[in-house]
Amino acid sequence: MSASPDPLPQTFFARSALEVARDLVGCTFLFGEAGGRIVETEAYRQDDPCCHGYRGKTDRNAVLFGPPGHLYVYFTYGMHFCANVASEEEGVAAGVLLRALEPEHGVEGMVARRGVPEPRLLASGPARLAQALGIGRAENGLPVWEPPLAILPRDAAAPEPRVVTTARIGVRGGDQKPWRFADADSRFLSRSPARTPILPSG
DNA sequence: CTATAGATAATCT
DNA sequence: GATTATCTATAGG
């Protein structure tokens, strides 16, 4: 009698990227057989110099400007893919970077794709996460509420995650906005919150 | 534990 | 030609 809950609908993502990023912590992200509990996200909004859409729409960032709830996959550093979920409204560049998750489903496949056995190295980091799940160019633009993608809501019976807010990691130039959201009690973060400025959240 | 260099290519100026 | 929302290996405390 353990029916899987419905995936989060498109309307969930039609809100400020800040709210979506915070609310995604504790949800379950699935791509095919692989996935797990989201423990770390970052928000990017159009008015922010760090946002890929800050300087206008291009072929690369077009999904970020599209309707909410679609996967924005970009390639960087000559070797890494990273996955975001577009948010807010069509025409506005905003999204949530999926930075880390706790492997729960299809762990064997993740180990094979990553080439490392340590659970804590499988998906703790945006490029690791994408590689572990097998996300690449082909997944750019896919809706996250339809197979093979799904994001499941938190278990209502489980305690709410303790979400901490820190500066975003790896962003250059511009201002340091506290738009990283992490489960303070997770051991699967890409970086300890203690190593970044922490602001109380909530 | 922290710090730093090097890898490597699409994208943008 | 410069930059990059990163990762890994390696060196040092």
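Scope of the values below: all heavy atoms of this structure, side chains included, with no hydrogens, waters or symmetry mates. Below, read A as the first sequence line, B as the second, and so on, with proteins coming before strands; counting in each chain starts at 1.
Side-chain N/O atoms of A/Arg99 and A/Ser190 include a donor and acceptor closer than 3.5 Å. Using modelled atom types, one finds no donor on one side chain facing an acceptor on the other under 3.5 Å when comparing A/Gln131 with A/Arg113. A/Glu102 and A/Ser186 are not linked by any side-chain donor-acceptor pair at a separation below 3.5 angstrom, with hydrogens and angles left out of the test. A donor-acceptor contact closer than 3.5 angstrom links the side chains of A/Thr166 and A/Arg180.
Scanning DNA chain B 5' to 3' for nucleotides with an atom closer than 4.0 angstrom to a non-hydrogen atom of chain A gives a first and last hit of B/dT2 to B/dC12.
At the heavy-atom level, A/Asp59 lies nowhere under 4.0 Å from the strands shown. Within 4.0 Å of A/Ser190, counting heavy atoms only, lies no atom of the nucleic acid at all. At the heavy-atom level, A/Tyr77 lies under 4.0 Å from base atoms of the strands shown. Counting any heavy atom pair closer than 4.0 Å across all strands shown, A/Arg114 reaches sugar-phosphate atoms only and no base atom. Residue contacts shown for A/Arg137 are limited to sugar-phosphate atoms, with no base heavy atom under 4.0 Å away.
With respect to the salt-bridge test (charged N to carboxylate O, under 4.0 angstrom), the residues A/Asp48 and A/Arg168 qualify. A salt bridge links A/Glu160 and A/Arg154; the closest N-O separation between the charged side-chain nitrogens and carboxylate oxygens is under 4.0 Å.
In terms of phosphate contacts, A/Arg60 brings no side-chain nitrogen or oxygen within less than 4.0 Å of OP1 or OP2 of C/dA5. Contact annotation: A/His52 side-chain N/O to C/dA5 OP1/OP2 distance is under 4.0 Å.
When the P atom of C/dA5 is taken as reference, atom CZ of A/Phe81 falls 15 Å away, rounded to whole Å.
Across all strands shown, B/dT8 has no partner, as no Watson-Crick or G-U wobble contact with both distances under 3.5 Å is found. Taking a pair to require two hydrogen-bonding distances under 3.5 Å in either a Watson-Crick or a G-U wobble arrangement, B/dT13 remains unpaired.
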